[in-house]
Amino acid sequence: MTKLFAQSLVAAFAAIAAVGTAQACSTLIIGKDVSATGNIIVAHNEDNGGRLFNMQHYVPPAKHKKGEMIEFESFAAKIPQVEETLGFYWTQTFVPDGASFADGFFNDAGVVVATNWCGEIFEADRMEVKDGGIGYGIRRLVAERAHSAREAVDIATALLKEFGYFHDGRTYTFADAKEAWQLAIHQGNSWVARKIHDDEVVYIPNVFMMDAVDLKDTETWRIEPGQVERANKDGRHDAKDPIFKWRKIVAPESIRAERWNANRNVIAWKFLTGKEYNDPESFPYSAKIDHKLGVADAMTLLRLHEDYIGEEQELYHSASEGICRTTSHDSIVYNLTADPTLTEAWKTVGRPCQSVYIPLYPLAGPAKGTAFVDGATATKEHFAGTPAMFDFRAEFTPHSVFSAGTNAIDYLRGGEIAHRTELIAKIEGKYLAERADVTKEAAKLKGDERRAFLHDYNQKVYDEVLAVMKDENARLMPYKVEILADKVKADSDEAVAFALLGAKDHSVKSANLSATRAGMSANQLNSTRKFQNFAPAQKMEYKDVNGDGIEDVVFTFKSKDVTKGAVAGATMDLWLYTQVNGHRVVGFDVVPVETKEVKAAASRDGKHLL
């Protein structure tokens, strides 16, 4: 059965809303001839909002029964499975209602998958899709099936022809050690694909950037012919012109001029070429440069902000619309080698400008602590939204340590920004210097012995950085916060008290009621960019809460205000942002969040999971 796009649009947008917004992802491709490593480098920032866990998995290859069907989004088409699938590394954006457009992959054949939202197409161009169309399936099935970047394009376009894409549009990056491609998909079965030349760099934010499709150059370009015919009929393309101006034909000029796209284009292209572009219609899709770029350069680009970030802002990233911003929760750089098992990745488990790019060999399996379920369970839960899956877990360190630290720094600001930058440079410098030797040593090994060696390295460096960040968090958040409730009701006006505990070396005297707010972690609330959007304290009183003879300060808030963005039925980390004696103080406690309809699952030990 064929359903009109309008029928699947509501369901599709529901999936998009689940991740807040994806209007901030960035992708950089460095061709091998301009790469300092001699390899293709792919770098990507993933940006989304809301209650979000970024988990890492290795999903092993598998055999499937004949006739098996694949289901992702409940409203999307069911797709026949192939008999054998490749294993793959999966960096998962795990959100309550499922993320259709946010995950990244690197498979056993050495194929990278990264994507950028590219929406706001011309309304007249919306097309029909079959049985709800396809969304998440594109990236996941490419990861399971593609043995090269070129084959990834073939797989994706075959799926588009069969089912159609249910979202406005997106640009997919597929790359292997030999070549890189980008596939720009316009809703339905309307697309263009381009091979990235070895002597060029490509940067893309969240807007269609491909332009000037040479219809005669079939080695560089591939295009779905129907859209050329449609453009000829509606007068947007002259059939005699061999150049098809794709981005202008499929999307309005206004989307290229949007601040959150234009700002990043200006920043990126100035870094890459030294030239400042101010006209959105002149932004290049690719460029040939006269110098080489390496892994460290890719990291630098993904951390770039506007010049004014941090100036007179309450939260450091609250007004940022640069490449790195409040929603940047995951960043990765791949140095693609001929042997996929030796491909070097560098991944942050937090906002890139405030996080270490931790070295990783993706196919050796991620470190323990980077996920709290296995890949099979993660697949089943990806669109399930089971509330208890979004519990705060102390052992899930990407959230409990790394994300917590970046959230604290964003509020504390001041010298902490510079301190973190210096610390990152020191740690990364060590790993950058040693990486070639580690890869060389691994190359001497084979099979399981190589994988074990590289997995041990993955674990060792993750644990090293984790230990540093735990110490940093203890320094950044010396005050203990305690929520004086067994649970918090998200649909209630009743009061909930947060206590900031005094200690021998931490007095809470001179707390500032008017400067006190509480709520979710700022880097998990896409809508909360300004400090005043958090719940204001209703009142404040001093008393000894824990009976240690030292006075504490207790702030009272409305339950429904401090739980904005929380997942009902989960045990959540709720944060206190305040000032004591003119100094900013931040910390959090963990508490079940309920509504009248949904009760939170009991914590495993009956206590807050601190």
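The model shown is predicted, which means the values in this text are computed figures rather than measured ones.
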Item to complete: Specify whether Tyr172 and Tyr165 have parallel, tilted or perpendicular ring planes, treating 30° as the upper limit for parallel and 60° as the lower limit for perpendicular.
Response: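 Correct class here is perpendicular.
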Run the side-chain hydrogen bond (donor to acceptor under 3.5 Å, both in side chains) test against [X] and tell me which residues pass, sequence neighbours left out.
X: Asp217; result: Thr220
X: Arg420; result: none
X: Ser190; result: Gln227, Arg230
X: Trp221; result: none

Counterpart residues, salt bridge (charged side-chain N to carboxylate O under 4.0 Å, His left out), relative to [X] (two or more places apart):
X: Lys288; result: Asp199
X: Glu258; result: none
X: Asp234; result: Arg236
X: Asp297; result: none

Discussion item. Does Arg140 qualify as a cation-pi partner of Trp90, given the criterion of NZ or CZ under 6.0 Å from the six-membered ring centre and within 45 degrees of its axis?
Written reply: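 Yes, Arg140 lies over the aromatic ring of Trp90.
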Discussion item. I want to check a possible cation-pi pair here: Arg170 against Tyr136, using under 6.0 Å from ring centre and within 45° of the ring axis as the test.
Written reply: no
Worksheet item: What residue pairs, at least two apart or across chains, pass ring pair (Phe, Tyr, Trp, His ring centres under 6.0 Å) with a residue in residues 404-431?
Response: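 Ring pair (Phe, Tyr, Trp, His ring centres under 6.0 Å) check on residues 404-431 returns Tyr411-Phe531, Tyr411-Tyr577.
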Test of understanding: with side chain to side chain contact (heavy atoms under 4.5 Å, CB included), list the residues that count as partners of [X], not counting sequence neighbours.
X: Ala76; answer: Glu73, Phe166
X: Lys32; answer: Ile40, Asp198
X: Ile289; answer: Val34, Val201, Thr273, His291, Leu293

Worksheet item: Is the distance between the ring centroids of Tyr462 and Phe402 under 6.0 Å?
Response: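 Aromatic pair counts; centres sit under 6.0 Å.
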